[in-house]
Structure formats: C-alpha cells, structure tokens
Amino acid sequence: MINNLLKYGLLFIGLTILQIFVLNGINFLRYATPFIYIYFLIKLPVGISRNLLLFLGFVLGFVIDVFCNTPGINAGASVLAAFLRPYLIKSLATLDVAENREPSLYLFGLQPFLRYIAVMILIHHAALLLLESFSLFNWQILLLRIPACSLFTFVLIWAAEGLTGNQRKR
C-alpha cells in the first residue's frame, strides 16, 4: 500500500514537473505539443474508485493549470478523460482484468493496450484543444493540432512504457 502511494506520488510529481518545465516549451512545427501528464491517469490501477479517479484527474489538471496559467482547461480535459477511463477499460480490455493491477502491455495485450492509450490521449487532447481554442474559428488548425499533439504524446508515452519495463509478474 505504501509502495503504491509512493510510486504514484512520484509518478504524479515527475510527470507534472516534466510537463511544466520541459514539454510546455516544445512546440513542434507550431502545431504539436506533447501533454505527457495524461500518462498518470492511464497508469492508475484498474479498480481505483471512481470518486478517487475523478479527484486525481482534477488535481492533476489543476496543478498543470496553476503553473501554466491556463484557467481550468487542463483540469476539464483531465476530468473528462478520468470519467471515461473505466468505460474504455471495460470495452477495450479483452480479458477480465484484476482490480488492483495497473494497465500495461502484458495485462491487456498489444492491440487493446495501444487502443486504450490512443483513445485516452485523443479524448484528452480533443477536449483540451477545444477548450483552449474556445471557438471553431480556425477549425482547420484545430483538426491539425489534435492528431499532431496526440501522435507526439502517444510516441512519448509508448517510449515511457517501454522504459519502465513492466514485467508479466505485475
């Protein structure tokens, strides 16, 4: 229990610091900015209570909003992703997944896990960028930014997933 709290606490702090101080400064070709902090919500245990999941999604987005001076945009997108996460896991996981295990390549399988990550990222980024633009005035740019940011984030999360070295024993 204490190990899990420490692990997820460090993941929260590390991803938040990485997002605020490094990744917010990246703007690849003026369209793609990675938002890797969503990885925290992706990696939370499958059976986490819905209230705690929504609370953690809000806190994560709120902390990013405070340091990035974005009034509620990240919090709204993170809460939406946290709200839809249990439904995504239920619909995308091919097997009955144990409640206390965290989503991983070995738990879900390759294709369901890739779909889970991709859909979570798309939901989060679509909400984030729609709230950020707050209009559909430049909808062409918005339609370019959502997949560009999602792809950039997906590549970084896939790399992070490969670096963590999740073994089958988890």
Side-chain angles (χ1 to χ4, degrees), residues 4-28 30-92 102-104 113-139 141-161 164:
N4 283 342
L5 286 174
L6 182 63
K7 174 184 167 184
Y8 291 115
L10 289 174
L11 183 64
F12 180 93
I13 292 168
L15 290 173
T16 304
I17 289 171
L18 181 65
Q19 183 67 47
I20 293 167
F21 294 113
V22 177
L23 298 178
N24 280 346
I26 296 174
N27 201 357
F28 187 68
R30 297 184 322 159
Y31 293 109
T33 302
F35 299 101
I36 198 166
Y37 67 90
I38 189 71
Y39 187 54
F40 175 74
L41 293 177
I42 289 171
K43 292 304 284 184
L44 287 173
V46 172
I48 190 170
S49 80
R50 191 172 214 35
N51 292 336
L52 182 58
L53 182 62
L54 291 173
F55 176 73
L56 290 173
F58 174 75
V59 169
L60 177 66
F62 182 74
V63 169
I64 298 292
D65 283 332
V66 165
F67 286 101
C68 297
N69 200 22
T70 53
I73 294 170
N74 292 291
S78 295
V79 168
L80 177 65
F83 178 76
L84 295 175
R85 180 182 182 261
Y87 301 113
L88 289 175
I89 289 174
K90 193 175 282 188
S91 67
L92 295 175
E102 70 181 33
S104 69
F113 187 65
L114 291 178
R115 280 185 295 209
Y116 166 65
I117 291 173
V119 172
M120 279 287 286
I121 291 170
L122 277 172
I123 288 169
H124 176 266
H125 287 32
L128 178 73
L129 296 171
L130 278 168
L131 288 170
E132 182 181 70
S133 71
F134 203 64
S135 74
L136 296 176
F137 182 70
N138 289 326
W139 62 271
I141 293 174
L142 191 61
L143 286 178
L144 182 63
R145 285 195 72 205
I146 291 172
C149 291
S150 297
L151 181 64
F152 200 175
T153 303
F154 182 84
V155 168
L156 288 177
I157 287 177
W158 186 247
E161 186 68 22
T164 58

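Predicted, not measured: the structure shown is a model, and the values here were computed from it. Values below: every heavy atom of this structure, side chains too, minus hydrogens, waters and symmetry copies.
The ring-ring contact (aromatic ring centres under 6.0 Å, His included) search around Phe58 returns Phe62, not counting sequence neighbours. Not a single side-chain hydrogen bond (donor to acceptor under 3.5 Å, both in side chains) links Ser150 to another residue, sequence neighbours left out. The ring-ring contact (aromatic ring centres under 6.0 Å, His included) search around Tyr31 returns none, not counting sequence neighbours. With sequence neighbours excluded, the residues forming a side-chain contact (heavy atoms from CB on, under 4.5 Å) with Leu54 are Arg50, Val79, Ala82, Phe83, listed by chain and number. Applying the side-chain contact (heavy atoms from CB on, under 4.5 Å) criterion to Ala32, with sequence neighbours excluded, gives Phe28, Ala148, Phe152. Every residue two or more places apart in sequence or in another chain was checked for a side-chain contact (heavy atoms from CB on, under 4.5 Å) with Pro71, and none qualifies. Listed by chain and number, the residues in a side-chain contact (heavy atoms from CB on, under 4.5 Å) with Val59 are Phe12, Phe55, Val63 (sequence neighbours excluded).
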Scan the side chains in residues 118-125 for donor-acceptor partners under 3.5 Å anywhere in the protein, sequence neighbours excluded, and list what turns up.
residue : atom : partner : partner atom : Å
His124  : NE2  : Tyr37   : OH           : 3.0
His125  : ND1  : Ile121  : O            : 3.2
His125  : NE2  : Thr153  : OG1          : 2.8

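If you take CG on Leu129 and SG on Cys149, they are separated by 5.0 Å, rounding to the nearest 0.5 Å. To the nearest 0.5 Å, atoms CG (Leu41) and CG (Leu11) are separated by 9.5 Å. Atoms CZ and OG1, from Arg145 and Thr33 in turn, are 5.5 Å apart once rounded to the nearest 0.5 Å. The distance from atom CD1 of Ile13 to atom CG of Leu18, rounded to the nearest 0.5 Å, is 13.5 Å. Rounded to the nearest 0.5 Å, atoms CD1 (Ile157) and CD1 (Ile42) are 4.0 Å apart. Considering CG of Leu10 and CG of Leu5, their distance stands at 11.0 Å, rounded to 0.5 Å.
Taking all atoms of both residues into account, the shortest heavy-atom contact from Gly57 to Ser78 is O-CB, 3.2 Å. Pairing each heavy atom of Asn24 with each of Cys68, the nearest pair is ND2-SG, 2.7 Å. Residues Lys7 and Glu102 approach most closely at NZ-OE1, 2.8 Å, considering heavy atoms.
Taking the six-membered ring where the residue is Trp, Tyr8 and Phe40 present perpendicular rings, their angle passing 60° and hence far from 30°.
Put simply, the side chain of Arg85 never gets that close to the backbone of Leu53: no donor and acceptor are under 3.5 Å apart.
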| task | Starting from the C-alpha separation in whole Å, work towards a yes-or-no answer on side chain to side chain contact (heavy atoms under 4.5 Å, CB included) for Ile48 and Leu56. | result | CA-CA 11 Å; Ile48 190 170; Leu56 290 173; 3.9 Å; yes

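Sorted by first and then second residue, the side-chain hydrogen bond (donor to acceptor under 3.5 Å, both in side chains) pairs involving residues 51-72 (not counting sequence neighbours) are Asp65-Thr70, Asp65-Asn74, Thr70-Asn74.
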